[in-house]
2 protein chains.
Amino acid sequence: MIPREAVAVPEDDLARTVLNLVWERRAVSRAEIARGTGRSRSTISEVVGRLLVTGLVAEVGAGESRGGRRPILVGFQDDAGVILGVDVGATHISAILTDLRGRVLAWRERAHPVRTDPKGAAALIAGLGEACLAEWNGEQSRLMGIGVAVPSPVDPGSPDRVLERVLPAWRGHGVLDRLNRVFGVPVFVDNDANLGAVAERWWGEAVGIDDFVYLKVATGVGAGIMIGGEIYRGSTGVAGEIGHVAIDPGGPECVCGNRGCLATFVGTRQLVDRARSLLDGYPDSALVGTELGIRAIEDAALADDPLALQVVNEAAVRLGIVVAGVLNLLNPGSVILGGSLARVGDRLVKPLREAVATRTLVASAGASDIRTSDLGERAVALGAATHVLVAALANPQLFPGVKSA
Amino acid sequence: MIPREAVAVPEDDLARTVLNLVWERRAVSRAEIARGTGRSRSTISEVVGRLLVTGLVAEVGAGESRGGRRPILVGFQDDAGVILGVDVGATHISAILTDLRGRVLAWRERAHPVRTDPKGAAALIAGLGEACLAEWNGEQSRLMGIGVAVPSPVDPGSPDRVLERVLPAWRGHGVLDRLNRVFGVPVFVDNDANLGAVAERWWGEAVGIDDFVYLKVATGVGAGIMIGGEIYRGSTGVAGEIGHVAIDPGGPECVCGNRGCLATFVGTRQLVDRARSLLDGYPDSALVGTELGIRAIEDAALADDPLALQVVNEAAVRLGIVVAGVLNLLNPGSVILGGSLARVGDRLVKPLREAVATRTLVASAGASDIRTSDLGERAVALGAATHVLVAALANPQLFPGVKSA
DNA sequence: ACACTTTGTTCGGCGACCGAACAAAGTCTG
DNA sequence: CAGACTTTGTTCGGTCGCCGAACAAAGTGT
């Protein structure tokens, strides 16, 4: 529709600043932009003029008068581009298509043994992505980029686009290159917990919070650490890999070789095993005689089944030990619980808070509230897509139709 | 000597960049600066010209030819200003005077009951500062600013210059205002562990490391967290206050109300108490019959006294539990042990490393080496002074003789 | 109806920065 | 050892981003 052919908005610092301001404020007048950026109205007028032809912003009517002529509102065009987010989990793969405001345009999920069949996973990712685009039914050329979440650390030096040495079994399979070829857009990768944190920071419980920790409790346990509004990856990219924090010196041996790691107590497999071993003590539990699965346990907990609650409780206490350490060390503004276990809500958070209270200073514990995510199972895929949006807002060349001069 | 009267170098971005480059490279040609900053030689020539008249940089001879005319080296003048750093400890106050390269020009220390006598402390700080300046015997007008380390969290929103509500007993005593009035220069404040980390990052074991944790073990235990080369303070300023991490659910009760806090095991008081209770088991120890003090224990440990080594060992294991958590969570490039206990060196680090090894993933533990500081007892005061240097390099207006146009 | 505000545009001008040109002072080659 | 080539640092005219003043348009209040 709109002729969008490599319009010139180079690495223009001011144009980027204005674009970000318009995104944040959704619709804002040129005069307001001038005040917000400290530039003159004449300069802003010129910059906005260049942004208008990219289609990323548009004049969207008049605003309220502030005692004089009514301002022309310049609004960010959320539908100027779409982003694909992919969540590669241990057992499932899901894909999400969003606009530039994080709205979900399409979603697809499929179970897949990711670790043992990387080749099939690559094909499945492409397929789910195609399916999302087909469901959306828009022009494919508006696809800006693809974000991929992997259940594994990433290289902190070059977390972008590259990276094959993530999943050991995936080495050399060129999954990302393939995605790039199939869809013809840049591909970004990061750790799943990190991207869950991104989703919370932009659309969830952590909006406006610069320092917080996102705890993903699903197949495994991992933390995404946001510091100063940016993902913190550590010196070698394994920051937040808290599955192997030792919380019980006399605990069971872990695959990592140590004893009593958090991962020996919390995680899909561990909770199911624990529930099974408790079955005899809870003959009235709804879980007796069923095929035990994590989903069933979570559902049972939501229905206040005593066995399920006991399992959740124990997990909460174990998590609480680690969360207490996090609070004392990092003093985050918030701790957000995500992953499937977050579905049980207060049944997880309440005992966790209690465990934390006995292990932290009032000053640090009081400052950060602990809550569950409400983004649901799509959180990580949404975060993956958002990661691309963040990259584009920092470097508008990634937006469709915006090219350097 | 040099007429230095408010020469014009405003918030000039380029001038600041050039100044920082010259500081880093110590002496560098204009052409080299042009290459390093990406500006043209003509532009750099003009900027350097303005910097020369401030006295912060000077032409310091010719460099090696690279196949053509020999370059004129522009060198940073380390003695263009001096900075006062003050370490307000729990039992001692010390002051240090440094040049702009962290060289110690003078040092003074005195025991003082800081918590119970804030008024006297304020006078003592001023006195020690005056004494340092007198020993140095230079023009007082070259004093750029004062950095103060306090054994208490600071407000993350405004860690600069202000802040009285730090030490409860110090409230409203206007110590900083008084310093400002007496010396007529800006005063900056921060937490002691944070400033210890700053010292390590600029002059110690962490030079070139962006993400690391500094652990100060002295009267109490505290951590300074450096992330991306900047001090991380947390959402309410208590990040790094790890004294009350619970490491032993069955441990002794702590003043904070919880049980088994790190602070109940490690710290001057705790180590001395522990040594006393072990005396009976070590009749051959050199510490038997002496007046037990932390310094004596440290000295004994350095002489391989078995009792002292046992005390250090136990502390190392306790610290190791917390360090392991830090490594798993933050994956820092390094963990640096400071404070008086760091004096014992490998006798602390070796058992600590062992304790850490059984509690961390190979991936994170292997990446970050754990070592002791070699900055000694002056580390924190040095860091306080360095904090002012950092502020000045970010905002050259703070340098003497540099004013806005 | 009038004075006053606010918005958005036009236009002349300032200043930061660049590139070309040049002199000075080196190195390298035959 | 002379001549060709390099590199440095300066000078100088030109470009470009941004500003401020001025203005028309479109509001608000009395």
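The sequence lines fix the lettering, A, B, ..., with proteins before strands; numbering per chain opens at 1.
- Residue B:Gly49 is classed as having no contact, given no heavy-atom separation below 4.0 Å to the nucleic acid.
- Residue side chain B:Arg69 does not reach the base of D:dT7 through any donor-acceptor N/O pair under 3.5 Å, judged by distance alone.
- The phosphate of C:dT9 has OP1 or OP2 within less than 4.0 Å of a side-chain N or O from A:Arg30.
- If you check the side chains of A:Ser45 and A:Ser42, you find no donor sitting under 3.5 Å from an acceptor.
- Within the nucleic acid shown, A:Ile44 has no heavy atom closer than 4.0 Å to any nucleic acid atom.
- Although no hydrogens or angles enter the test, the distance criterion places a donor-acceptor pair under 3.5 Å between the side chain of B:Asp99 and the main chain of B:Arg103.
- Atom-to-atom, CD1 of A:Ile33 to C1' of C:dT6 comes out at 16 Å; the value is rounded to the nearest Å.
- Here B:Arg66 does not reach the OP1 or OP2 of C:dG26: none of its side-chain N or O atoms lies under 4.0 Å away.
- Remark: A:Arg35 is in phosphate contact with C:dT7, judged by side-chain N or O atoms under 4.0 Å from OP1 or OP2.
- Rounded to whole Å, atom C1' of D:dG9 lies 7 Å from atom CZ of B:Arg41.
- Residue A:Ser42 is in base contact, counting any heavy-atom pair closer than 4.0 Å across all strands shown.
- Atom CD of A:Glu64 is separated from atom P of D:dG27 by 12 Å (rounded to the nearest Å).
- Dashed line: the shortest gap from a side-chain N or O of B:Thr43 to OP1 or OP2 of C:dC18 is under 4.0 Å.
- Within the 4.0 Å cut-off from OP1 or OP2 of D:dT8, not a single side-chain nitrogen or oxygen of B:Arg70 is found.
- The side chain of B:Ser65 contributes no N or O atom lying less than 4.0 Å from OP1 or OP2 of C:dG26.
- Residue-level contact check: B:Gly63 touches neither bases nor backbone, having no heavy atom under 4.0 Å from any strand.
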